Amino acid sequence: MLREFKRPKKLMGNAFEITVVDRDETSANRHIDAAIDEIRRIERLLTTFNDESQTNLINRSAGIQPVKVNAEIFDLIERSIRISKVTDGYFDISYGSIDKSFWNFDRDMQQLPDPELIKDHLKLVNYQNIILDPANQTVFLKEQGMRIGFGGIGKGYAAEMAKRLLRQRGVVSGIVNASGDLTTWGNQANGKPWTIGIADPDHSKQPFSYMNITDMAVATSGNYEKFVVINGKKYSHTINPKTGMPVSGVKSVTVFCPNAEIADAMATPVSIMGIDAALNMVDQINHLECVIIDDHNKIYSSQNINLK
């Protein structure tokens, strides 16, 4: 008889949960172990916390010289730049230079960073200054001080790769949940589609709507889990790479797409670029849908979404 086997695990600084449908607990655990190893491998590849990671080597050589990287990193950067073009730069992996130094979003943060200082660092954020050389498989950041980071796409990429590995291992259905960004395939053990709840931003434990999904990825970006309040105004942890400031006006965004990497990457621009522009962009991209909730709890959705 088919059963669902789940295991939570902290990976990439996030709470992951891996679910596989299998008849046998021992083989299910082996599959889950393999998926965890794959996510750890990707973490080592993308992390900026290890001086020797390829990401850090690229950042250290900014403005100095191109860095030869392996094909996996090269391709991920290439896809990231493609997403930057589609989103008009609202997704930008070179945001690394404004990230942690200004906004740490711990509750001790009492004031906004100095706008002049942010402006200075913003000059370094420009995906067009990430120069790729396919022939030599090198990455070069044109400006000294530029930094790339995979915070906006890494979790989704890891979830997608873990799913791919599990399918290669013959797992017919399951879920890889990367802290709320999840990818599904197949059906539940009882044969019904997987059901996901779209979180209510004011009561994040209670979904306001459910959707049946299979072979689909879902990513959520919201200001209800990580934020600071300064002078009575709530600032979300999502930074607009064009202003260096956190987003306000949108409480949460949920993106649906067959690929977890794309869902993860698109959740950020959709929550930043303004509701009309975001819906217009999503409606022009095949197999991409979204639900947006604004600060007044008004719900907007792309044209092919039917909320229950």
Side-chain angles (χ1 to χ4, degrees), residues 5-20 28-50 52-59 69-84 91-93 95-96 99-100 139 148-169 171 173-186 194 196 213 215-222 225-226 237-238 254-269 288:
F5 299 91
K6 293 182 188 191
R7 193 188 308 168
K9 189 83 184 161
K10 185 145 193 221
L11 297 157
M12 301 178 84
N14 286 283
F16 273 69
E17 185 176 64
I18 295 161
T19 304
V20 300
N29 279 326
R30 277 204 297 269
H31 292 316
I32 292 172
D33 288 342
I36 289 170
D37 286 346
E38 174 68 349
I39 294 163
R40 284 196 175 124
R41 181 188 71 76
I42 290 162
E43 180 172 20
R44 286 193 296 274
L45 209 58
L46 305 184
T47 183
T48 49
F49 294 112
N50 169 4
E52 297 315 304
S53 78
Q54 294 194 15
T55 311
N56 267 342
L57 294 176
I58 293 167
N59 290 342
V69 294
N70 68 17
E72 192 173 2
I73 287 260
F74 189 89
D75 293 348
L76 182 60
I77 293 173
E78 198 170 41
R79 293 196 300 275
S80 297
I81 292 172
R82 218 175 297 148
I83 293 168
S84 295
F91 173 85
D92 193 330
I93 57 168
Y95 75 91
D99 203 20
K100 296 291 179 276
V139 182
I148 59 167
F150 295 102
I153 197 170
K155 273 193 322 191
Y157 175 61
E160 197 60 35
M161 292 297 280
K163 166 185 159 181
R164 194 172 102 176
L165 178 87
L166 289 166
R167 294 186 83 158
Q168 283 168 351
R169 292 174 63 95
V171 177
S173 52
I175 301 180
V176 180
N177 184 342
S179 193
D181 293 353
L182 53 92
T183 183
T184 66
W185 69 103
W194 299 107
I196 62 123
I213 55 167
D215 299 317
M216 187 60 71
V218 182
T220 303
S221 178
E225 286 180 333
K226 235 184 186 174
H237 74 291
T238 306
T254 306
V255 173
F256 303 86
C257 165
N259 179 294
E261 175 191 312
I262 293 170
D264 188 9
M266 292 307 266
T268 306
L288 187 70

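In what follows, every heavy atom counts, from backbone to side chain, and hydrogens, waters and symmetry copies are set aside. On a predicted model such as this, the values are computed, not experimentally measured, just so you know.
- With rounding to the nearest 0.5 angstrom, the CE atom of M161 is 5.0 Å from the CD atom of E38.
- Here D181 contributes atom CG and T254 contributes atom OG1; the two are 10.0 Å apart, rounded to the nearest 0.5 Å.
- Screening T19, V176, I175 for a side chain to side chain contact (heavy atoms under 4.5 Å, CB included) involving L182 leaves a single residue, I175.
- Taking every heavy atom of both residues into account, A260 and T183 meet most closely at CB-CB, 3.8 Å.
- To the nearest 0.5 Å, the span separating OH on Y157 from OG on S80 amounts to 10.5 Å.
- Taking the side chain as every heavy atom from C-beta outward, E78 and I81 never approach each other to under 4.5 Å.
- The minimum heavy-atom distance between E52 and L57, with the atom names listed, is O-CD1, 4.0 Å.
- One distance of note links OG1 of T48 with CG of N59; it measures 7.5 Å at 0.5 Å rounding.
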task = Could you walk me through whether Q54 and E72 pass the side-chain contact (heavy atoms from CB on, under 4.5 Å) test, one step at a time?
result = CA-CA 11 Å; Q54 294 194 15; E72 192 173 2; over 6 Å; no

In residues 261-269, what donor-acceptor pairs under 3.5 Å come from side-chain atoms, sequence neighbours left out?
unit_1, atom_1, unit_2, atom_2, d
E261, OE1, R79, NE, 3.4
E261, OE1, R79, NH2, 2.9
E261, OE2, R79, NE, 2.8
D264, OD2, G156, N, 2.8

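- Side chain of W185 to main chain of V171: a donor-acceptor pair is present (N/O by atom type, distance under 3.5 Å, no hydrogens or angles).
- Across every non-hydrogen atom of F74 and V139, the tightest pair is CD1-CG2, 4.2 Å.
- Residues S173 and G186 approach most closely at CB-CA, 3.4 Å, considering heavy atoms.
- Closest heavy-atom contact between R169 and A34: NH1-CB, 3.5 Å.
- At distances below 3.5 Å, not a single donor-acceptor pair connects side-chain atoms of N29 with backbone N or O atoms of I32.
- We find the SG-CG distance between C257 and L288 to be 5.5 Å, quoted to the nearest 0.5 Å.
- In this structure, the side chain of N14 does not engage the main chain of F16 through any donor-acceptor pair within 3.5 Å.
- Residues D33 and R7 have side chains in contact (heavy-atom distance under 4.5 Å, counting atoms from C-beta outward).
- What you find for T55 and T47 is that their closest heavy atoms are CB-O, 3.8 Å.
- Between I153 and I83 there is a side-chain heavy-atom pair separated by less than 4.5 Å.
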task = Test side-chain contact (heavy atoms from CB on, under 4.5 Å) on L46 and L76 and set out the steps.
result = CA-CA 10 Å; L46 305 184; L76 182 60; 3.7 Å; yes

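- We find the CG-OG distance between L11 and S179 to be 11.0 Å, quoted to the nearest 0.5 Å.
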query = Could you walk me through whether I18 and L166 pass the side-chain contact (heavy atoms from CB on, under 4.5 Å) check?
reply = CA-CA 10 Å; I18 295 161; L166 289 166; 4.2 Å; yes

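- Within the 4.5 Å cutoff, no side-chain heavy atoms of V218 are placed close to those of W194.
- Proximity of E160 to K163: side-chain heavy atoms (C-beta onward) are separated by under 4.5 Å at one or more points.
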